[in-house]
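Okay, so here's the structure we're looking at.
Bear in mind that the values here come from a model prediction, so they are computed numbers and not experimental data. First the proteins, then the strands, lettered A, B, ... as listed; each starts at 1.
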2 protein chains.
Amino acid sequence: MARTKGSVGATTQKAILDAAKTLIVKHGFEAMTLRQLAAEVGVQPASVYRYIDSKDALLAALMSTHMDALICAWEALEDKGETPDEQLEAFVAFHIRYHVERREDVFIANMELRSLGEAARADVVAKRRAYELNLWRILEEGVKTGDFPETDLEVATYAILAMLTGVCFWYRPDGRLSIEQIIAVHQGLVMRGVVSGALQTA
Amino acid sequence: MARTKGSVGATTQKAILDAAKTLIVKHGFEAMTLRQLAAEVGVQPASVYRYIDSKDALLAALMSTHMDALICAWEALEDKGETPDEQLEAFVAFHIRYHVERREDVFIANMELRSLGEAARADVVAKRRAYELNLWRILEEGVKTGDFPETDLEVATYAILAMLTGVCFWYRPDGRLSIEQIIAVHQGLVMRGVVSGALQTA
DNA sequence: CTATTAATCAAACGTACGTTCGTTTAATTA
DNA sequence: TAATTAAACGAACGTACGTTTGATTAATAG
């Protein structure tokens with residue numbers, strides 16, 4: 001056999017990327033085999049090489065594409081708010097909404113930095129840093145204007161991001177709360193804090 | 001060759017578990033090979049089977065042991081605080097301090113649930129739930145006494161845990177801040193919130 | 001309706017996998 | 001010192017790995 005009836009390159013390409021994400025989440029990148037991937041797509045192992053240069057390049061493409069899309073999605077967001085308060089609320093909503101719909105990409109981006117080559121890793125790390133800066137700058141401005149209390153900006157940035165991204169690890173589409181409700185709870189936690197009245201500094 | 005001079009079972013056992021943790025973090029459990037593990041310990045692959053029943057059993061033992069130790073460490077903590085405020089501060093400090101010193105175990109516990117068999121997975125999930133309940137109950141009491149504002153207890157529990165555990169992913173022993181400083185910042189974020197004065201509900 | 005290009009195949013390369021087996025040497029006990 | 005136990009060994013099992021090669025068929029263009 002050779003070329004199959006109805007085969008289309010773009011379709012196979014997308015099927016390969018989708019199957020790869022699922023297999024990487026389930027087994028880890030190193031443990032995923034191209035034979036599994038080919039079987040999932042319904043194709044012979046050799047055929048996968050029409051669409052990827054190597055297993056390593058596949059991972060690099062997946063992660064880099066994810067980071068690019070994330071950064072672009074934030075830039076494309078229309079209402080990013082005016083005041084620091086509004087901006088922070090907008091960021092919380094955007095981050096949860098975007099990540100919860102792409103849990104496979106988020107899982108891979110968080111787990112498989114270890115499997116990237118040096119150049120690809122540097123690329124992804126730089127893009128992650130660029131995205132983090134969006135939140136960092138919001139906090140910085142809020143502290144500057146006095147809207148937010150003094151705190152360590154780096155730690156606060158990481159802490160808020162970890163909290164928001166964490167939703168991906170327990171969210172289920174058929175769960176008790178809708179995404180909008182989950183966003184509201186997190187906005188409350190970030191904006192008011194868990195203990196709004198306790199231990200005021202000023 | 002056979003038994004080597006100076007070989008002691010307990011020593012080899014510990015070396016195997018330590019090397020396994022490092023290799024799992026670096027490659028993922030499925031991708032870690034027993035041949036790598038044996039080489040790291042300085043022993044033949046067959047020798048590893050004096051200390052483990054199978055590769056799967058090794059992972060189950062690592063994860064279950066970690067969860068047991070975590071639960072026991074919290075139970076053994078002397079000063080858990082009296083008021084909800086004190087209890088929450090104590091939990092934040094304990095959680096960060098304990099996890100930051102065991103980053104390999106934390107990474108494995110968060111990543112490799114997927115590689116556990118059904119029984120072992122249920123065991124670890126139950127223990128994780130038991131640990132989470134410690135924080136959940138503190139928040140519940142604080143809301144009941146009016147010390148904490150109303151919020152969804154489940155989401156708040158997960159959100160705080162994600163934020164605290166997240167420290168493991170960027171903490172470096174030679175970093176800018178000490179563990180005690182990092183704890184203080186997180187206590188501030190959890191207790192006062194990022195924006196203490198904004199959007200007060202009551 | 002032929003020529004070309006796109007999409008896939010089958011087969012093979014050397015290498016490595018988890019695990020079992022029976023053997024061999026070191027340390028401990030009697 | 002002799003018997004026993006603890007701790008390791010080397011070799012092998014069938015299976016699967018990432019990747020390359022050249023052939024083969026389907027769709028498209030002239």
Item to check | Pairs involving residues 5-33 of chain B, ordered by first then second residue, that meet ring-ring contact (aromatic ring centres under 6.0 Å, His included) (sequence neighbours left out) | outcome: none
Item to check | Value in whole Å for how far the P atom of C:dC17 lies from NZ of B:K55 | outcome: 10 Å
Checklist entry - Within the structure, does a side-chain N or O atom of B:T4 lie under 4.0 Å from either OP1 or OP2 of D:dA7? => result no
Next on the checklist: When you measure from the side-chain N and O atoms of B:T33 to the phosphate of C:dC17, is any distance below 4.0 Å, counting only OP1 and OP2?
Outcome noted: yes
Next on the checklist: Reading 5' to 3' and counting Watson-Crick or G-U wobble pairs with both distances under 3.5 Å, write the dot-bracket notation for DNA chain D, | for bases paired outside the strand.
Outcome noted: ||||||||||||||||||||||||||||||
Checklist entry - Any luck finding a side-chain donor-acceptor pair between B:S115 and B:E112 under 3.5 Å? => result yes
Item to check | Residue closer to the 5' end of DNA chain D, B:T12 versus B:R35 (nearest nucleotide) | outcome: B:T12
Item to check | Whole angstrom value for the distance that separates C1' of D:dC17 from CG of A:L23 | outcome: 15 Å
Checklist entry - With a 4.0 Å cut-off, would you call A:E104 and A:R102 a salt bridge? => result no
Checklist outcome for this item: Result for 5'-nearest mapping on DNA chain C, choosing between A:V43 and B:P45, is A:V43
Checklist entry - Would you call A:E118 and A:R121 a salt bridge, taking side-chain N to carboxylate O under 4.0 Å as the test? => result no
Next on the checklist: Can you give me the closest heavy-atom contact between A:K127 and A:S64, atom names plus distance?
Outcome noted: NZ-OG, 2.7 Å
Checklist outcome for this item: Between CG of B:L37 and P of C:dG18 the distance, given in whole Å, is 9 Å
Checklist entry - Taking atom P of C:dC9 as reference, at what distance in whole Å does atom OH of A:Y51 sit? => result 10 Å
Checklist entry - So, do B:F94 and B:W74 have ring centers that fall under 6.0 Å from each other? => result yes
Checklist outcome for this item: Atom CD of B:Q44 and atom P of C:dG22 are separated, to the nearest Å, by 19 Å
Checklist entry - Which whole-number value in Å describes the distance from A:H27 NE2 to D:dG18 P? => result 12 Å
Item to check | Residue pair A:T83 / A:D85, side-chain donor-acceptor N/O under 3.5 Å | outcome: no
Checklist outcome for this item: Here the distance between atom P of D:dA16 and atom CG of A:L34, to the nearest Å, is 16 Å
What N/O pairs connect the protein and nucleotides 3-6 of chain D at under 3.5 Å? Give each pair on its own line.
from, atom 1, to, atom 2, distance (Å)
D:dA6, N3, B:R3, NH1, 3.0

Next on the checklist: Would you say B:S47 places a side-chain N or O within less than 4.0 Å of OP1 or OP2 belonging to D:dC9?
Outcome noted: yes
Checklist entry - Can you name the one residue among A:H186, A:E180, A:Q181 that meets side chain to side chain contact (heavy atoms under 4.5 Å, CB included) with A:I183? => result A:E180
Item to check | A:Y131 vs A:H95, ring pair (Phe, Tyr, Trp, His ring centres under 6.0 Å): CA-CA, chis, key distance, verdict | outcome: CA-CA 10 Å; A:Y131 178 71; A:H95 188 93; 5.6 Å; yes
Next on the checklist: Could you tell me how far apart B:E30 (CD) and D:dC17 (C1') are, to the nearest whole angstrom?
Outcome noted: 14 Å
